[in-house]
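Note sheet for the following structure.
Every chain is numbered from 1, with letters handed out A, B, ... down the list of sequences. Note: hydrogens, waters and symmetry copies are ignored here, and every other heavy atom, side chains too, is used.
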2 protein chains.
Amino acid sequence: MPSNPCLSPVDLNKLKTVCSGCSLRELCLPAGLDQEELAQVDRAVNRRQPVKRGDHLYPAGAPLHSLFAIRSGFMKSSVLNEDGREQVTGFHMMGDLLGLDAIGGGCHMSDTLALEDSELCELPFEQLEAHSRELPSLQQQLHRVMSREIVRDHGVMLLLGSMKAEERMAAFLLNLSQRFAARGYSPTEFVLRMTRGEIGSYLGLKLETVSRALSSFQDQGLIAVRQRHVRLLDLEGLRALLDPRR
Amino acid sequence: MPSNPCLSPVDLNKLKTVCSGCSLRELCLPAGLDQEELAQVDRAVNRRQPVKRGDHLYPAGAPLHSLFAIRSGFMKSSVLNEDGREQVTGFHMMGDLLGLDAIGGGCHMSDTLALEDSELCELPFEQLEAHSRELPSLQQQLHRVMSREIVRDHGVMLLLGSMKAEERMAAFLLNLSQRFAARGYSPTEFVLRMTRGEIGSYLGLKLETVSRALSSFQDQGLIAVRQRHVRLLDLEGLRALLDPRR
DNA sequence: CGCGCTGTTGAAACTTGTCAAAGTTTGTGG
DNA sequence: CCACAAACTTTGACAAGTTTCAACAGCGCG
């Protein structure tokens, strides 16, 4: 039976682990590639690297060997001041590509660690660059991913630079909601894998302020929070918080 | 005489306008390319596009045709909220590459306009992508430039998320100082091409707070400000403001 | 020469941070 | 499996920092 790949559990399992068989392929780096291109990319990917909660994917300063794509799980990235202040620069989930900040200087400029047990695909960067010279679609997709990271960062700058605490919190919840939805999960019910302090760091707020904002939303009937479990009860109401004129 | 390119004013002028003759080539996209590679890139660049103060290089939403490199002058980029709030996302000077945020979605996600009369090199993006498939050094340099933009944005996020007003202002002045120095200008004496309001938008502060921070620095003897002319009198003192422990 | 834009300064109001205490959950080791 | 410790969360009261509002000064352009 193992001669029939369709029936072999081993091969089935293998199939699931290549980009062409990956449910994330339209969210991840291979988006837009055709079958043959996918096959090429598959050869450049080391699949299924598990990381445990609390593990560093890489510490800040580590030399760049590979980019990583998240297959499952949840991670955070942060940068540190000289004087030890931490700024969380992003929370990452399935399909996100990590390590882009290391390309410029050859070493990782941020810490990235797993907030829950996760699985990653490793993409050796030199190979990726080489493949992207052969495959224009891959090249374009790599450019798009980097550009979108820049746009995302500008959005965070807007949030940090011009929004009040509750606006930031609403924007944060809506952003998570949208990202979960894009991955086929409920946009209204999810688990926050990070602490209040980490949310606060990302949003430029203290953890007490985050906690108060969540309590306030709950009092207003916009959400239901219990621990890290959140249910968004009134998406429109949350959106209205972002435009204080209305 | 025109047969001798070394003596012809026309040709001399032309020479100055190609990347290989450009004083910015080590700061700009061609950094790290050899003579032959430079010649290739030259063919993909439309040189010397002038823009006047107040002109939009492109408005937010414009389709991506080209990236732009600043040859001379000073520009700002900003994003707008739905409700009209502006967030300045960056100030740009000679050698900086503009438009990277448009690659992801095919149209510019930010407004960019000239704060003084400026000159730009236009780099049609399709050609640039094509050339970067042929020239690994160019490909790498493009990746590096995009990655550094991400790192820069993370630095701004750190600033916006965890620094107080005077720390932000000190960081801003020191950053400008360093960038002017890298371009061969005085690191201690320069003209701010932007208004207090624009600085404030970039730093997540109101213009009055910016003004007060500058006045306070002047009172402490750290700088001398008159209008938009700034002299940094005590770089170490400014740096000390960034690490409040000392 | 005056009008408008830009910048400065003061006082009051508001938002968020800080500190402190207590409650809750999670993880560990007995 | 329970007990205890550690980590995380919530809430209140107060302090600090920043914004808001307002008035005025300076510069630059027509």
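- Under the 4.0 Å criterion applied to side-chain N and carboxylate O atoms, B:E116 and B:R53 are not assigned as salt-bridge partners.
- Spacing between atom CE of A:M163 and atom P of C:dT16 amounts to 13 Å, rounded to whole angstrom units.
- For D:dG28, the OP1/OP2 oxygens have no side-chain nitrogen or oxygen of B:R228 closer than 4.0 Å.
- Per the geometry, CG belonging to A:L214 stands 10 Å off P belonging to D:dT11, to the nearest Å.
- Checked against A:F190 for a ring-ring contact (aromatic ring centres under 6.0 Å, His included), the options A:F91, A:F74, A:F180 give a single hit: A:F180.
- Donor-acceptor pairing under 3.5 Å is recorded for the side chains of B:E189 and B:H229.
- Using a 4.0 Å heavy-atom criterion, one finds that B:T195 contacts the sugar-phosphate atoms exclusively.
- Across the protein-nucleic acid pair, B:L205 atom CG and C:dG7 atom P stand 15 Å apart, rounded to whole Å.
- Summary of the strand contacts: B:R226 and A:V210 both lie near DNA chain D, and taking for each the nucleotide with the nearest heavy atom, the more 5' one is attributed to A:V210.
- A:E208 comes within contact range of at least one nucleobase, with a heavy-atom separation under 4.0 Å.
- If you check the side chains of A:S78 and A:D111, you find no donor sitting under 3.5 Å from an acceptor.
- For the side-chain hydrogen bond (donor to acceptor under 3.5 Å, both in side chains) with A:S77, the lone residue among A:T89, A:D96, A:T112 that qualifies is A:T112.
- At its two ends the helix from C:dC1-D:dG30 to C:dG30-D:dC1 runs along axes set 50° apart, each axis drawn from five pairs and the angle rounded to 10°.
- Between A:Q227 and A:A165, the one whose closest nucleotide on DNA chain C sits nearer the 5' end is A:A165.
- Rounded to whole Å, the distance from CZ on A:R193 to C1' on D:dC8 is 16 Å.
- One side chain, B:E166 or B:S216, offers a donor N or O that lies under 3.5 Å from an acceptor on the other.
- Here A:G200 lies out of heavy-atom contact (under 4.0 Å) with every strand.
- The distance between atom NZ of A:K164 and atom P of D:dT18, rounded to the nearest whole Å, is 13 Å.
- Evaluation of atom-type donor-acceptor distances gives a pair under 3.5 Å for the side chain of B:R212 against the base of D:dT20.
- As judged by a 4.0 angstrom heavy-atom cut-off over every strand, B:R168 is placed among residues making no nucleic acid contact.
- OP1 or OP2 of D:dT19 lies within a sub-4.0 Å distance of a side-chain N or O belonging to B:T209.
- Atom CG of A:L207 is separated from atom P of D:dC8 by 10 Å (rounded to the nearest Å).
- Salt-bridge check for B:E122 with B:R71: failed, with every basic side-chain N at 4.0 Å or more from each acidic carboxylate O.
- A close approach under 4.0 Å does occur between a side-chain nitrogen or oxygen of B:S215 and OP1 or OP2 of C:dT9.
- We find that CE of B:M169 is positioned 13 Å from P of D:dT18, with the value rounded to whole Å.
- Rounding to whole angstrom units, CE of residue A:M194 and C1' of D:dA7 are separated by 17 Å.
- The environment of CZ in B:R183 is crowded: more than 12 heavy-atom neighbours from other residues, nucleotides or ligands sit within 6.0 Å.
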